[in-house]
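Numbers here simply count residues along the sequence, with the first being 1. This is a predicted model, so every value here is computed, not measured.
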Amino acid sequence: MSNDKQNQMKMGKGPRRGGGPMGGGPGHGMPMEKAKNFKAGFRRLLSYLTRHRAALIIVIVMAVGATVFGIFGPKTLGNATTELFKPLSAQAEAYSNLKDALPDDIEAQLNDGTITIEQAVGAVAAAGDEQQTAKVMQAAAELQEAAELRIDFAKVGVIILTVIGLYLASSLFNFILQFVMAKTSQTIVYDMRREVENKLAKLPLKYFDGRTHGEILSRVTNDIDTVSTSLQQGLTQIISAVTMLIGIMVMMFTISWIITLVSMVVLPLSFIVSRAVIKKSQKFFKGQQVELGHLNGHVEEMYAAHTVVKAFGKEAESEEQFDEINERLYGVGWKAQFLSGIMMPLMHFLSNISYVFVCVIGGVLVINGRISIGDVQAFIQYSRQFTQPITQVAQIANVMQSTIASAERVFEVLDEPEMSEDRLVGNVPEANGAVEFSHVSFGYELGKTVIKDMNLDVKPGDVVAIVGPTGAGKTTLVNLLMRFYEVDEGRISVDGMDLKDMPRETLRERFGMVLQDTWLFGGTIRDNIAYGREGATEEEIKRAAKMAHADHFIRTLPDGYDTVLNEEASNISSGQKQLLTIARALLADPPILILDEATSNVDTRTEAYIQNAMIALMEGRTNFVIAHRLSTIRNASTILVMNEGRIIEQGTHQQLMDKNGFYADLYNSQFTGAATA
């Protein structure tokens with residue numbers, strides 16, 4: 001079991017299920033900032049890739065290889081087309097040469113079909129011009145030779161097999177590329193998730209108090225998933241697109257520099273269009289991320305507090321707030337997706353313009369014999385593919401805006417200031433339960449002091465009850481004891497050692513805590529109680545349950561200790577859940593026990609049982625009891641009365657009642673109110 005889990009079990013709690021009506025922390029005003037520095041964010045994300053240099057080299061080699069093999073395909077296939085058209089082209093050229101050799105009047109008759117080729121040759125011979133006759137006879141012989149040409153299917157077959165081999169090699173390289181990149185990207189994201197998880201365990205409690213659950217979850221899940229998808233697809237596409245763009249340009253220049261320059265006209269147009277679309281869509285992608293975080297926070301909060309929402313009849317208000325956020329998300333979402341979606345149609349339009357130029361000019365060059373028909377076919381394929389890598393780069397650039405934004409939001413978590421490092425000064429003293437506050441002052445926010453110059457000396461075995469109105473600083477006192485927060489001034493010591501000089505794990509092993517909010521996780525009742533101490537035996541688990549008066553109700557369940565609690569542990573009552581958390585804390589058997597209104601969710605009879613068990617449990621250990629129902633702490637050895645961060649009264653129940661001061665007023669007001677009711 002991890003140290004963090006052991007610390008949790010000492011406090012009588014498991015993974016949190018919800019967080020109260022508002023999910024812990026402020027509402028949805030917390031900004032979810034977009035990437036502020038694209039270059040810095042990209043370099044930092046790239047640093048994760050450099051940890052896998054070998055895999056990255058393989059990815060680059062495979063991407064280049066797959067693209068190169070694919071690029072040679074159209075040119076090679078064009079050779080097959082040229083070979084298929086070779087007899088027909090030879091006949092057309094020979095026929096054209098024959099007509100050029102004929103006199104104009106005979107050529108006109110041949111074009112009209114009034115005479116045959118043989119008749120045209122005979123007419124020239126009859127004219128008696130020996131030189132022209134020889135020229136026409138040679139042209140006629142070449143035409144006859146061309147007519148006897150046949151398609152070399154063996155050569156065409158070799159070319160087709162070569163093309164198939166090229167595409168198979170490209171596919172194989174792509175397969176290796178995707179395999180390596182998928183593994184590498186998931187490894188990177190695995191490392192990133194692990195870093196975030198480790199970071200969250202080191203963050204102070206004020207970080208979580210200042211943010212909604214939805215915002216934190218959005219950073220840990222949505223943003224990391226965005227990075228994962230972009231790494232796996234975007235990196236390979238960038239490498240392939242750049243390689244393809246360079247390769248296509250080289251192949252196009254080898255075919256015809258004239259057509260290449262004409263088709264290049266679309267290149268600056270493509271960059272201008274893509275840049276304009278990206279610039280326009282950037283702010284909408286930012287808004288989409290922000291509103292998505294707000295929506296997550298709202299849904300998480302409302303779901304966690306659905307019973308409270310229903311109890312106060314706030315369904316309509318919750319729906320109205322949801323609709324408001326959803327409307328904002330819709331407004332920026334459709335604009336972002338629309339602008340992102342029109343990129344491809346615009347690139348296709350520019351590609352079609354290039355296609356028209358290529359066809360017209362290519363046809364002219366073929367007629368003039370400057371290039372072959374196969375080269376035109378290959379060039380058309382290249383021109384159709386030419387804007388594809390440009391489009392890919394543009395789209396990837398668009399996605400990278402969102403990716404770097406998500407990455408920086410994750411990096412913001414990783415860059416949050418951590419709790420101060422644990423240090424051990426000297427030897428840790430033996431645990432006996434002595435606690436001392438010496439001139440302690442503390443505030444959650446700068447300039448707002450909650451605890452003011454507190455001095456307290458608690459002897460081993462004391463039962464210290466802490467009472468006072470809401471906001472008096474009772475829970476803050478516990479937070480400082482557990483080192484969830486560091487004191488601003490003064491010193492807190494446990495067993496004579498300053499808390500700052502004692503590792504947190506060692507400190508928290510000396511504490512057990514039972515809170516008013518129950519903390520249970522999905523699993524059996526046995527597992528939930530056993531969470532209190534690793535390696536606890538069945539007998540110890542049941543003994544703790546009996547001490548907490550939970551054994552009876554557990555045995556009445558159909559599956560007893562094997563009863564599985566659902567996600568919210570809603571298949572048992574609130575009081576029963578509280579009894580299980582008390583049993584878990586009892587099993588941990590800590591030298592110092594903190595009870596924060598631990599009996600608030602149990603009935604009066606069960607409360608009496610627990611109070612009797614607590615009296616036996618408290619023997620020989622130090623106990624801090626935070627209570628609002630003052631009747632539960634009358635037997636405490638010392639009662640601290642707090643107000644506005646100060647201890648204003650201190651003594652036993654009887655001593656404080658005899659003073660007839662603040663405590664007496666609190667105590668009497670509860671019973672007076674009860675009597676009046």
Side-chain angles (χ1 to χ4, degrees), residues 1-2 4-21 300 303-311 511-590 593-618 625 627 629 632:
M1 186 180 295
S2 68
D4 292 331
K5 289 186 176 180
Q6 289 179 357
N7 290 336
Q8 281 186 322
M9 74 182 185
K10 298 290 183 186
M11 292 177 270
K13 60 186 181 182
R16 183 169 185 172
R17 300 293 182 187
E300 194 277 336
Y303 179 76
H306 65 279
T307 54
V308 177
V309 174
K310 290 182 178 295
F511 285 88
M513 181 184 284
V514 180
L515 303 176
Q516 182 175 355
D517 295 328
T518 54
W519 302 61
L520 297 173
F521 55 87
T524 65
I525 289 178
R526 176 184 289 101
D527 292 338
N528 271 277
I529 298 176
Y531 203 65
R533 188 174 76 240
E534 188 175 7
T537 64
E538 183 78 9
E539 181 182 351
E540 290 171 332
I541 293 172
K542 292 183 177 179
R543 184 189 306 124
K546 290 177 181 178
M547 291 179 66
H549 294 274
D551 180 72
H552 174 71
F553 92 80
I554 294 173
R555 292 183 182 278
T556 61
L557 298 173
D559 296 323
Y561 284 84
D562 293 320
T563 300
V564 177
L565 303 180
N566 58 28
E567 185 177 359
E568 296 292 338
S570 59
N571 49 340
I572 59 176
S573 69
S574 297
Q576 290 170 337
K577 286 190 284 187
Q578 189 66 282
L579 292 176
L580 292 181
T581 62
I582 294 172
R584 186 164 58 197
L586 290 171
L587 182 63
D589 194 24
L593 190 64
I594 297 175
L595 305 174
D596 187 354
E597 200 65 33
T599 60
S600 61
N601 289 329
V602 298
D603 56 65
T604 305
R605 182 179 180 184
T606 304
E607 179 183 344
Y609 286 144
I610 294 177
Q611 289 296 333
N612 292 332
M614 289 298 180
I615 292 173
L617 176 66
M618 291 175 181
V625 182
R629 290 189 289 180
T632 63

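Between Leu586 and Ile582 the shortest side-chain heavy-atom distance falls below 4.5 Å. Counting only heavy atoms from C-beta outward, the side chains of Thr581 and Arg584 approach each other to under 4.5 Å. Between Ile525 and Leu580 there is a side-chain heavy-atom pair separated by less than 4.5 Å. A 4.5 Å side-chain heavy-atom check between Lys542 and Met547 finds every atom pair outside the cut-off. Ile554 places a side-chain heavy atom less than 4.5 Å from the side chain of Ile529.
Between Ala530 and Ile541 the shortest heavy-atom distance is CB-CD1, 3.7 Å. Scanning all heavy atoms of the two residues, the minimum distance from Ala544 to Ala583 falls at CB-O, 3.5 Å. Shown here for Gly532 and Ala588, the closest heavy-atom pair between the two residues is O-CB, 3.4 Å.
Going from atom CD1 of Ile572 over to atom CZ of Phe553 covers 5.0 Å, rounded to the nearest 0.5 Å. Remark: Arg555 CZ to Thr563 OG1 distance equals 12.0 Å, nearest 0.5 Å.
Around atom CD of Glu538, more than 12 heavy atoms belonging to other residues, nucleotides or ligands sit under 6.0 Å away.
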Q: Apply side chain to side chain donor-acceptor pair (under 3.5 Å) to the pair Asp551 and Tyr561, showing each step before the final yes or no.
A: CA-CA 9 Å; Asp551 180 72; Tyr561 284 84; 2.5 Å; yes
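Of the listed residues (Leu520, Leu565, Asn528), just one forms a side-chain contact (heavy atoms from CB on, under 4.5 Å) with Lys577, and that residue is Leu520.
Distance alone, capped at 3.5 Å, is enough to place a donor-acceptor pair between the Arg533 side chain and the Leu587 backbone.
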